[in-house]
Amino acid sequence: MSVSTPGKLVIISGPSGVGKSTVVKDLLKRFCGLLRMSISATTREARAGEKEGVDYHFLSDEEFTRRRDAGDFLECTEVFGTGHWYGTLWSEVRPSLAAGKWVVLEVDVIGAQDVLAQYADAITIFIRPEEFQELESRLRSRGTEEEEVIQRRLSFAQGELQHADEYEYQVINETVLDAVDNISQILKNRGLPND
Ligand code: 5GP
C-alpha cells in the first residue's frame, strides 16, 4: 500500500565507492533543517572514524534480527557483496515525514524497490562514477577493506550499475560540488524549498 505524507522520501543509491556519503553530507548542509538523513542500522563493524548514531546504528546480528522480527524496519536486506544486513528504521523516517521534513535514504537497489513499493511518490536518484575504474581507486584509497572485500564490492557495484535506469535521475559524481549542485536542483524542482 502506498502512503502519502507531508514530507517526502529521497532515495539515493549508487555503487560502493562512488562517494555517496560525502555527497549526501554536503547536500544536508545546503538544506539544513528541511532535509534530514535517515541513519541506517547495520550489522557491519564501524570503520575507523565512524560514530554510532551518526554514520549508522551499529547492531549485533542478534539485535538486528530482534528488531526485524519486531517490525522496526521500513526495509532491510542482506546487502549483497558486503555479507551484512542493513536496514531503514521506521523511527528514522515516520516522525520526520509527519513533521513535513524530507528524508534522504541511502540504500541499495533492493532497499530502493522495497521503499518505492510503500512510498510510490519517493524521489529516486542514482549516483554513478564517471568511469568504473574510479570505484576501485576510491575503495583502495579508503584503506579500510581487505582485498577480498574490495573484489566482492566491485562485482556488486557492477550489478548495481545495471539497475541505474530504474531511477528517475542519474547523477555523475565527477566532482562532489557538481553532484551536490545537480541533486539540489532536482530537489528544488520537485518542491523542496530553497536553501
Ligand atoms: P557501507 O558498508 O559501504 O557503508 O554500505 C554498503 C551499502 O549498503 C551501501 O552502498 C548502501 O547502498 C547500502 N545500505 C546502507 N544503508 C542501507 C539501508 O538502510 N538499507 C539498504 N537496503 N541498504 C543500505
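Atoms within a ligand are numbered from 1 in the order they appear, just like the ligands themselves.
Ligand 1 has at least one atom lying under 4.0 Å from a heavy atom of R47.
The protein non-hydrogen atom at the shortest distance from atom 4 (O) of ligand 1 is Y56 OH, 2.5 Å. V79 CG1, 4.2 Å is the protein heavy atom nearest to atom 7 (C) of ligand 1. Ranking protein heavy atoms by distance to atom 19 (O) of ligand 1, first place goes to S40 OG, 2.7 Å. Looking only at heavy atoms of the protein, atom 20 (N) of ligand 1 is closest to E75 OE2, 2.7 Å.
Ligand 1 places these atoms under 4.0 Å from at least one heavy atom of R44: 1 (P), 2 (O), 4 (O). Contact atoms of ligand 1 toward T77: 22 (N) (distance under 4.0 Å to a heavy atom of the residue). Every atom of ligand 1 is numbered from 1 in the order shown, and the set under 4.0 Å from a heavy atom of R153 is 1 (P), 2 (O), 3 (O), 6 (C). Atoms of ligand 1 found under 4.0 Å from any heavy atom of K20 (numbered from 1 in listed order, with element): 9 (C), 10 (O). Close approach of ligand 1 to T88 (heavy-atom distance below 4.0 Å) involves ligand atoms 19 (O). Per-residue contacts place G111 under 4.0 angstrom from the following atoms of ligand 1 (heavy atoms of the residue considered): 22 (N).
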Take Q185 and N189 through the test side chain to side chain donor-acceptor pair (under 3.5 Å) and record every step on the way to the result.
CA-CA 6 Å; Q185 198 52 55; N189 291 346; 3.2 Å; yes

Assess whether side chain to side chain donor-acceptor pair (under 3.5 Å) is satisfied between Q158 and Q162, documenting all intermediate values.
CA-CA 7 Å; Q158 246 150 356; Q162 285 167 9; over 6 Å; no

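Judged purely by atom type and a 3.5 angstrom limit, E106 has no side-chain atom pairing as donor or acceptor with the backbone of V24. In this structure, E160 contributes its side chain and V109 its backbone to a donor-acceptor pair below 3.5 Å. Of the possible polar contacts, one joining the Q118 side chain to the D114 backbone as a donor-acceptor pair under 3.5 Å is found.
By the 4.5 Å side-chain criterion applied to Ile, Leu, Val, Met, Phe, Trp and Tyr, F73 is assigned to a cluster that also includes L59, F64, W85, L89.
Geometrically, ligand 1 and E160 share no nitrogen or oxygen pair separated by less than 3.5 Å. Looking at G87 next to ligand 1, an N or O pair under 3.5 Å apart turns up.
If you check each of Y86, W85, F73 against atom 8 (O) of ligand 1, the one with the closest non-hydrogen atom is Y86.
Applying the salt bridge (charged side-chain N to carboxylate O under 4.0 Å, His left out) rule to pairs touching residues 124-135 yields nothing, sequence neighbours excluded.
The shortest side-chain heavy-atom distance between H57 and E52 falls under the 4.5 Å cut-off.
Distance check: L116 CG to Q113 CD gives 8.5 Å after rounding to the nearest 0.5 Å.
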